[in-house]
Amino acid sequence: MSDTSDPPLMAACVARYGSPLYVYDAQAVRDAFCRFRAAFPYQPTECHYAIVCNKNAYLVRLLQALDAGIHANTPGDAYAALAIGVPADRIVYSGTNLTRPDFDYLIANGIRLNLDSLDQLRDLARQGGAREAGLRLLIDDEDRPNRIGVTPAELEAAVGIARNGSLRLTGLHMYSGTNTLRASRFLAGLDRLIAASARLPDLEYVDLGGGFGVAYRHGQPPLDLQRIGAEVTLRMEALSAERGRRVRLLLEPGRTVVAAAGTLLVTVVSVKERGGRRYVGVDSTVGNIVVESVYHPFHRIEAVAPRGGDLDIPTDVCGNTTHSRDFLARSSRLPTLHPGDLLALRDVGAYGYAMSSHFLNRPRPAEVVVDGGETYLTTRRETFDDLLATRVSD
Ligand SMILES: Cc1ncc(COP(=O)(O)O)c(C=O)c1O
């Protein structure tokens, strides 16, 4: 049984740290990362955890201990990683629309850059200070509207810009889109990327990005990571043989590493039944969590210590505001519930706390990590003062 499925431990966490509460199972993160990493036997492979989905310092450190680097989507991601103690040479930035101060910050800190437009490549060349860069490639049909990356046809111009700016173009990056559950999407993207890479004489790495999906619903077929890993290895071996040198493989998994390790514990406040439906009000809100109405993943919800089987009545779990979309779960099946009971919203380790906000003015929950039976408070609960922390006083 995982630590976050242990009812007395979960009740003890809430008694000690309050409710609502994010709880992460450290061992579940280790297991998910090792499973992911083992699926890619190709050497050399560098695995950069995408800190955008959860910047919890305890989890980042445990991933570092497993030899993970960090993927930064923004300069703020890089800042968070550096503040946790990740060395700059273990951070890879792959993002978009950097301003001059953004470039200054990333270059001053020696962070490797994957850029996503010719304009950004020109900016980097003008900036000086960097000697190499990678480019994000559009892996979809370039005749359709799409804001992402550079097209294969733009690569020749990119090589010219880099040459004139004394830069080497050493990498090509792709991103399949978050929560992708089809192995074929990654493989087709990689095929396009490898074909396009023929235009880059200085190619040193191929970055497969992130987007590895999670099966949030019962019975949903999981992403076939073994197949992706095996097929990617074959393609990378062929590319390396063709180039006469080992081309590095970079990976940027986020969600798949931490989603299942996170639970949001909430407490029932009131229960109503009417019109053939049950409405269970809890002490949390969509502002504390990302739910289907705001971002696509659906989350399973369960009673932490059920008194019996699920009742035959559709149950909506409602947040503690009257916002019309403030539902943590809709049409769930749950057992008898009374005020004071604990519910567990599962698989919220990725894009959960990270996407929580001050919308609706409910302070954010605390975060704790459970590791080897011990609990560690990693983020304190916010107060009303935090809601006004950036206000300039009159
Ligand atoms: C370039 C890039 N890599 C990796 C990730 C992580 O994605 P995921 O959590 O879907 O694996 C993101 C997410 O925004 C991204 O933009």
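What you see is a predicted model; the values in this text were computed from it and never measured. For ligands, and for the atoms within them, numbers begin at 1 and follow the listed sequence. Nothing fancy with the numbering, it's 1 onward along the sequence. The figures here come from the full heavy-atom set of this structure, side chains too, leaving out hydrogens, waters and symmetry mates.
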* Structure fact -> Checking heavy-atom distances from atom 15 (C) of ligand 1 to each of Glu252, His71, Arg255, the winner is His71
* Please confirm whether Ala350 comes under 4.0 Å of ligand 1, counting heavy atoms of the residue only. => no
* Quick check, are the ring centers of Tyr58 and Tyr376 under 6.0 angstrom apart? -> yes
* Structure fact -> Note: ligand 1 atoms sitting under 4.0 Å from heavy atoms of Ser94 are 1 (C)
* Asked: Considering only the protein, which heavy-atom contact is closest to atom 10 (O) of ligand 1, and what is its distance?
  -> Thr178 OG1, 2.5 Å
* Asked: Could Asp386 and Arg380 be called an ion pair, given the rule that one side-chain N must be under 4.0 Å from one carboxylate O?
  -> yes
* Asked: What residue and atom, counting heavy atoms only, is the protein's closest point to atom 6 (C) of ligand 1, and at what distance?
  -> Ala50 CB, 3.4 Å
* **Thr379 to Leu377 - nearest heavy-atom pair and separation** => O-CD1, 3.5 Å
* Asked: Which one holds for Asn73 and ligand 1: side chain close, backbone close, both close, or neither close, with close meaning a heavy atom under 4.0 Å?
  -> side chain
* **Gly254 N/O to ligand 1 N/O under 3.5 Å** => yes
* Asked: Regarding Arg112 and the six-membered ring of Tyr205, is the cationic atom NZ or CZ under 6.0 Å from the ring centre and inside 45° of its axis?
  -> yes
* Structure fact -> atom 13 (C) of ligand 1 has as its nearest protein heavy atom Tyr175 OH, 3.3 Å
* Answer yes when Arg246 and Glu237 have at least one side-chain N-carboxylate O distance shorter than 4.0 Å, and no when they do not. => yes
* Do Asp67 and Arg90 sit within salt-bridge range, that is, some charged N less than 4.0 Å from a carboxylate O? -> yes
* To do: For Arg182, look at atom CZ and say whether over 12 heavy atoms of other residues, nucleotides or ligands are found less than 6.0 Å away.
  => no
* Per-atom contacts, ligand 1 versus Tyr351 - under 4.0 Å to a heavy atom -> 6 (C), 7 (O), 8 (P), 9 (O), 10 (O), 13 (C)
* Asked: Within 45° of the ring axis of Phe298 and under 6.0 Å from its six-membered ring centre, is that where the NZ or CZ of Arg217 lies?
  -> yes
* Closest approach of any protein heavy atom to atom 11 (O) of ligand 1, naming residue and atom -> Gly211 N, 2.8 Å
* Which of the atoms of ligand 1 are close to Gly210, meaning less than 4.0 Å from one of its heavy atoms? -> 3 (N), 4 (C), 11 (O)
* To do: Taking only heavy atoms of His173 into account, list the atoms of ligand 1 that are under 4.0 Å away from them.
  => 1 (C)
